[in-house]
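Below you'll find the structure, written out as structure tokens, and then a few comments.
Here, residue 1 is the first one in the sequence, and each next residue gets the next number.
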Amino acid sequence: DSSGSAYITGSTQSTDFPTKSAYQATLQEGIGYGYNTDAFVAKMTPSGGLAYSTYLGGNDADEGEGIAVDGVGNAYVTGWTQSANFPTVNPLQPIYGGEGDSFVAKINAAGSALIYSTYLGGSGIDQGNGIAVDGASSAYVTGYTESTDFPMKNPLQPTQGGNPLAGDAFVSKINPDGSLNYS
């Protein structure tokens, strides 16, 4: 960010992952598909200290893949989840689509609360890979989908381009309040 802090996302299976000022302080354990992971989000200070660190996930596999930050320090995270109980707040899609959904979450500057968090996917496999934020705090998410029923609004391409098992890229713009602008 503008003050030199670094924002990090990924996934962990560790029950002792270091948390601080966390929205979710513990790993959500479950049976998963052979393993259970939660995404994590962390902010490191310019001097290398931990400003905050939190788990983000449900009781199945969750992975953070991309992170961005806005001008006031809110973190925006995308990735994928297989958790039917992934934490959602003010969601544009409150229900898990199936097989694996991408997710998008906006976390407050302190790392202690979700401003919004939502599934973004259809009945097939979907994965958010990258995210960027503009000056108006709209999030732009890109990734991969095998879903023929991926959530769309004002689409440039309204149907999947070919073999559903080969998948298509997706691009979605999410407004600052978590509503879908286009997809």
Side-chain angles (χ1 to χ4, degrees), residues 6-12 23-24 28 32-33 35-43 54-70 74-108 111 114-134 136-158 160-161 164-183:
Y7 296 76
I8 306 155
T9 191
S11 64
T12 182
Y23 163 73
Q24 182 180 322
Q28 299 300 300
Y33 287 101
Y35 67 102
N36 182 57
T37 60
D38 274 355
F40 69 83
V41 181
K43 177 182 176 182
T54 185
Y55 292 100
L56 181 62
N59 63 359
D60 215 320
D62 312 290
E63 294 195 7
E65 298 286 335
I67 192 165
V69 63
D70 67 17
N74 297 314
Y76 299 72
V77 182
T78 191
W80 66 271
T81 180
Q82 292 178 319
S83 296
N85 67 335
F86 188 86
T88 59
V89 173
N90 302 315
L92 66 93
Q93 180 183 332
I95 298 171
Y96 179 59
E99 284 200 57
D101 280 356
S102 59
F103 70 83
V104 183
K106 180 179 180 180
I107 302 170
N108 74 352
L114 295 173
I115 297 169
Y116 67 74
S117 178
T118 186
Y119 293 104
L120 184 63
S123 57
I125 296 171
D126 312 292
Q127 180 173 332
N129 296 110
I131 192 165
V133 180
D134 67 16
S137 297
S138 293
Y140 299 82
V141 183
T142 187
Y144 164 85
T145 181
E146 292 180 4
S147 298
T148 56
D149 57 350
F150 188 84
M152 288 188 277
K153 183 175 182 180
N154 303 317
L156 174 67
Q157 179 182 322
Q160 198 170 50
L165 297 178
D168 278 0
F170 72 83
V171 178
S172 300
K173 179 181 179 182
I174 300 178
N175 296 318
D177 65 357
S179 62
L180 192 59
N181 186 291
Y182 65 75
S183 185

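The two residues Tyr116 and Ala139 have their closest heavy-atom pair at OH-CB, 3.9 Å. Contact detail for Gly64 and Ala39: the closest heavy-atom pair is N-CB, 3.5 Å. In plain terms, the two heavy atoms of Asn154 and Asn181 that are nearest each other are ND2-O, 3.3 Å. Taking all atoms of both residues into account, the shortest heavy-atom contact from Thr54 to Tyr23 is OG1-N, 3.1 Å. A pairwise comparison of heavy atoms in Ser172 and Leu180 identifies CB-CD1, 4.2 Å as the closest pair.
The backbone N or O of Ser137 sits less than 3.5 Å from a side-chain atom of Asp134, completing a donor-acceptor pair. For the pair Thr9 (side chain) and Phe40 (backbone), a donor-acceptor distance under 3.5 Å is present. Asp62 places a side-chain N or O within donor-acceptor distance of the main-chain N or O of Gly58, the cut-off being under 3.5 Å.
In this structure, Val104 and Ser117 have side chains that are not in contact, with every pair of non-hydrogen atoms separated by 4.5 Å or more. Looking at Leu56 and Asp38, their side chains never come closer than 4.5 Å, going by heavy atoms from C-beta outward. With contacts defined as side-chain heavy-atom distances shorter than 4.5 Å, the pair Asn74/Ile115 qualifies.
Among residues two or more places apart in sequence or in another chain, the side-chain contact (heavy atoms from CB on, under 4.5 Å) test is passed with Gln127 by Glu65, Trp80, Asn129. In terms of the ring-ring contact (aromatic ring centres under 6.0 Å, His included) criterion, residue partners of Tyr119 (sequence neighbours excluded) are, by chain and number, Tyr96. Taking the side-chain contact (heavy atoms from CB on, under 4.5 Å) definition, one finds that Thr142 meets it with Val171, sequence neighbours left out.
Taking NZ of Lys43 as the reference point, atom CD1 of Ile67 lies at 11.0 Å (rounded to 0.5 Å). Taken to the nearest 0.5 Å, the CD atom of Gln28 stands 12.0 Å off from the OG1 atom of Thr37. Met152 contributes atom CE, which lies 8.5 Å from atom CD of Gln157 (distance to the nearest 0.5 angstrom).
Ser123 and Asp149 share a donor-acceptor pair across their side chains, judged by distance under 3.5 Å alone. Asp70 and Tyr76 share a side-chain donor-acceptor pair at under 3.5 Å. If you check the side chains of Asp101 and Thr81, you find no donor sitting under 3.5 Å from an acceptor. Side-chain polar atoms of Asp126 and Ser147 form a donor-acceptor pair below 3.5 angstrom.
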